[in-house]
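In listed order, ligands and their atoms are each counted from 1.
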Amino acid sequence: MKIVVIQGPNLNMLGVREQNIYGPMKLEQIHAQMKEVATQNGVEIEFFQSNLEGEIVDKIQECYGEAQGIIINAAAYTHTSIAIRDAISAVSIPAIEVHISNIYRREEFRQKNLIAPVCASSVIGFGPFGYHLAMMGMLQIMNEIHAAQEAQKAQQAQA
Ligand code: DQA
């Protein structure tokens, strides 16, 4: 079981960038905490950050057949990228989107979210803790899918 965490533009600047909005935590610290949870739960995890839309699309496509869950903060591309939305939709892997800040309490242009409709869920406005919540949610989704697959197998074996 593998989760891929995809971080969009400027998230490599966490801890430096607008600390009043995003807080002091660095991306590496967030990822270290996620890694710990993944290890505790026997799940493989990979981290990817890019400032380029096409690279994010490529990474999502690479997840096809490789990963069972995607956690994504598409950052500014959330509000503009049909390409990232289509990529998530194309791979049919459960995705959870995270936003550190509450985008619905900010500027008008951040209220438009092209990514949320193709995700299983959104975690918005909890600060970096949102990534932990997304991990919990993703583990739950993966467990449910696994249980459903096992039940189907058992049913087929009986038939
Ligand atoms: C963000 C919110 C976006 O509007 C913004 O462009 C970001 C970060 C967040 O995590 O709160 O870069 O996705």
>> Holding to side-chain hydrogen bond (donor to acceptor under 3.5 Å, both in side chains), I want the full list of residues that pass it with Glu144, two or more places apart in sequence or in another chain.
In response: Gln140

> Which residues pass the salt bridge (charged side-chain N to carboxylate O under 4.0 Å, His left out) test with Arg17, sequence neighbours left out?
Replying inline: none

> Taking only residues two or more places apart in sequence, or in another chain, which ones meet His146 in a side-chain hydrogen bond (donor to acceptor under 3.5 Å, both in side chains)?
Replying inline: none

>> How close do Gln49 and Pro9 get, counting heavy atoms only, and between which atoms?
In response: NE2-CA, 4.2 Å

>> Is the ring pair His79/Phe109 parallel, tilted or perpendicular, if the boundaries are 30 and 60 degrees?
In response: perpendicular

Check ligand 1 for N or O atoms under 3.5 Å from a protein N or O and list each pair with its distance.
{"residue": "ligand 1", "atom": "4 (O)", "partner": "His79", "partner atom": "NE2", "Å": "2.7"}
{"residue": "ligand 1", "atom": "4 (O)", "partner": "Arg110", "partner atom": "NH1", "Å": "2.8"}
{"residue": "ligand 1", "atom": "6 (O)", "partner": "Ala76", "partner atom": "N", "Å": "3.2"}
{"residue": "ligand 1", "atom": "6 (O)", "partner": "Arg110", "partner atom": "NH1", "Å": "3.1"}
{"residue": "ligand 1", "atom": "10 (O)", "partner": "Asn73", "partner atom": "ND2", "Å": "2.9"}
{"residue": "ligand 1", "atom": "10 (O)", "partner": "Ile100", "partner atom": "N", "Å": "2.7"}
{"residue": "ligand 1", "atom": "11 (O)", "partner": "Ile100", "partner atom": "N", "Å": "3.2"}
{"residue": "ligand 1", "atom": "11 (O)", "partner": "Ser101", "partner atom": "N", "Å": "2.8"}
{"residue": "ligand 1", "atom": "11 (O)", "partner": "Ser101", "partner atom": "OG", "Å": "2.6"}
{"residue": "ligand 1", "atom": "12 (O)", "partner": "Arg17", "partner atom": "NH1", "Å": "3.1"}
{"residue": "ligand 1", "atom": "12 (O)", "partner": "Arg17", "partner atom": "NH2", "Å": "3.0"}
{"residue": "ligand 1", "atom": "13 (O)", "partner": "Asn73", "partner atom": "OD1", "Å": "2.8"}
{"residue": "ligand 1", "atom": "13 (O)", "partner": "His99", "partner atom": "ND1", "Å": "2.8"}

>> I need the minimum non-hydrogen distance between Leu114 and Thr80, along with the two atoms involved.
In response: CD1-C, 3.4 Å

